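Chain naming here is simple, since letters A, B, ... match the order of the sequence lines and numbering starts at 1 in each. The basis for the numbers below is simple: all heavy atoms, side chains too, and nothing from hydrogens, waters or symmetry mates. Here the structure is a predicted model, which is why all the values come from computation and not from measurement.
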2 protein chains.
Amino acid sequence: MNLPPLIQSFVLHFGEMGSRWGINRTVGQIYALLYVSPRPLCADDIVEALGVSRSNVSMGLRELQTWNLVLLKHIPNDRRDHFTTPDDVWQILRVLAEERKKREVDPTLSVLRELLMQTPGSEEEKHAQARLAEMHGLIERLTTWYEDVKRLETERLAALLALGAKVTRLLEAKDKVVGLVRGRKEA
Amino acid sequence: MNLPPLIQSFVLHFGEMGSRWGINRTVGQIYALLYVSPRPLCADDIVEALGVSRSNVSMGLRELQTWNLVLLKHIPNDRRDHFTTPDDVWQILRVLAEERKKREVDPTLSVLRELLMQTPGSEEEKHAQARLAEMHGLIERLTTWYEDVKRLETERLAALLALGAKVTRLLEAKDKVVGLVRGRKEA
DNA sequence: CCGTGATTTCAGAATTTTCTGAAATCTATG
DNA sequence: CATAGATTTCAGAAAATTCTGAAATCACGG
């Protein structure tokens with residue numbers, strides 16, 4: 001690997017981080033490299049930059065494509081495929097959330113649903129099912145919330161984030177208004 | 001492994017899922033088992049239930065403890081340590097969020113900060129730094145939002161979740177009110 | 001402070017994952 | 001449709017991780 005020091009540090013860190021997630025070191029490094037690169041890179045550029053085998057890069061790019069984390073760009077008069085990352089970081093966040101949900105949450109949800117359909121054969125299983133129901137309930141709330149907010153445009157989403165816990169003040173205000181209206185009606 | 005079928009399915013699924021995260025199969029299984037168990041289990045109970053070695057269970061429990069995902073319970077007149085999971089699923093969610101942040105987000109944030117302090121040595125590094133700044137900005141927004149909402153009591157948090165994207169309507173309403181007030185003042 | 005049982009440690013075995021190089025396949029062009 | 005360059009596949013090598021059993025340590029009651 002022979003990269004400008006700043007870029008190298010970032011790439012190495014991402015590689016390590018990658019292995020703390022499900023993705024392996026090389027995949028993390030490829031992603032990081034593409035992320036900071038000012039222009040799309042072809043597979044050989046990556047081989048050169050990271051010092052790993054051509055086939056490893058091919059597999060890594062493949063995996064990143066299944067994650068929708070890299071895009072294929074064609075450079076005029078060059079037969080080779082070139083790759084970039086989506087350049088809007090919010091877009092990246094969305095993609096990441098979507099993919100992780102698909103891989104980590106959805107399968108669990110469907111197993112839970114299935115197990116909750118079964119008739120428990122003992123007290124032990126009855127208790128287990130109650131616990132599964134709790135977990136299922138929580139995950140379902142989280143995912144419907146996610147389905148909701150993921151539709152927001154970036155700007156609104158950013159506004160929401162910026163507001164943070166202050167939303168609860170809005171909520172309180174709303175409750176008060178609703179309370180007042182109810183009170184008046186009931187009077 | 002010799003468990004009631006419903007429990008076994010859950011335990012096995014969690015084991016598989018575990019390896020999609022950073023934790024290994026056994027750790028996932030131990031967690032799942034404790035989660036559905038009606039009473040605290042000791043290490044030997046787990047060995048028996050999962051059919052893995054005693055030392056493996058010891059290491060697994062250790063790891064789960066560093067994640068704050070299992071609690072030690074003492075059973076009167078029994079020298080052995082017994083373990084459970086926190087029983088409120090919201091609590092579990094909080095713990096999980098906190099730990100993942102600590103392990104996956106914080107280190108990245110600090111690397112980014114460090115790299116952003118450096119003086120870029122070339123156009124390439126300059127561009128890279130700009131990208132890092134974008135990433136840093138996004139992550140920072142997300143974490144401050146998280147720091148904010150994690151302080152909410154469960155009930156408020158649930159209310160917020162239930163509201164989902166509808167919060168934006170509240171936001172719009174607020175904007176309108178503020179706008180009116182401003183308009184009046186300026187007039 | 002000894003003995004008993006619970007727990008942890010740790011070196012190496014077993015397993016899984018990652019990576020490579022050679023061969024196969026694909027694809028645009030003359 | 002032959003060729004050359006680009007890309008992918010895949011079997012096995014290399015590396016990393018997980019798991020085990022034996023030994024060490026710990027901790028409590030007598």
Checking all strands, does A:Thr26 fall into the base, sugar-phosphate, or nothing category for heavy-atom contacts under 4.0 angstrom? sugar-phosphate
Tell me what A:Asn24 touches on the nucleic acid: a base, only sugar-phosphate, or nothing, going by heavy atoms under 4.0 Å. sugar-phosphate
For B:Asn56 and C:dT9, what is the distance between atoms CG and C1' respectively, to the nearest whole Å? 13 Å
Where the side chain of A:Asn56 meets the backbone of A:Ser53, is there a donor-acceptor pair that is under 3.5 Å apart? no
Should A:Arg39 and B:Glu124 count as an ion pair when the cut-off is N to O under 4.0 Å? no
Using a heavy-atom cut-off of 4.0 Å across all strands, would you classify B:Asp44 as base, sugar-phosphate, or nothing? nothing
Residue pair B:Val27/A:Leu61 against DNA chain D: nearer the 5' end by closest nucleotide is A:Leu61
At less than 3.5 Å, do the side-chain atoms of A:Ser53 and the base atoms of C:dG21 form a donor-acceptor pair? no
Answer yes or no: is there a side-chain heavy-atom contact under 4.5 Å between A:Gln8 and A:Leu50? no
Closest to the B:Arg79 side chain, choosing from D:dT20, C:dC19, C:dG5: C:dG5
According to a strict under-4.0 Å criterion, is B:Arg25 in side-chain N/O contact with OP1 or OP2 of D:dT17? no
Salt bridge or not between A:Glu147 and A:Lys101? Use side-chain N to carboxylate O under 4.0 Å. yes
Could you check whether A:Arg54 gets within reach of a base, just the sugar-phosphate, or nothing at all, counting any heavy atom under 4.0 Å? base
Looking only at side-chain N and O atoms, does B:Ser58 come under 4.0 Å of OP1 or OP2 in C:dT7? no
Please tell me which of B:Asp81 and A:Ser55 maps to the more 5' nucleotide of DNA chain C, matching each residue to the nucleotide holding its nearest heavy atom. B:Asp81
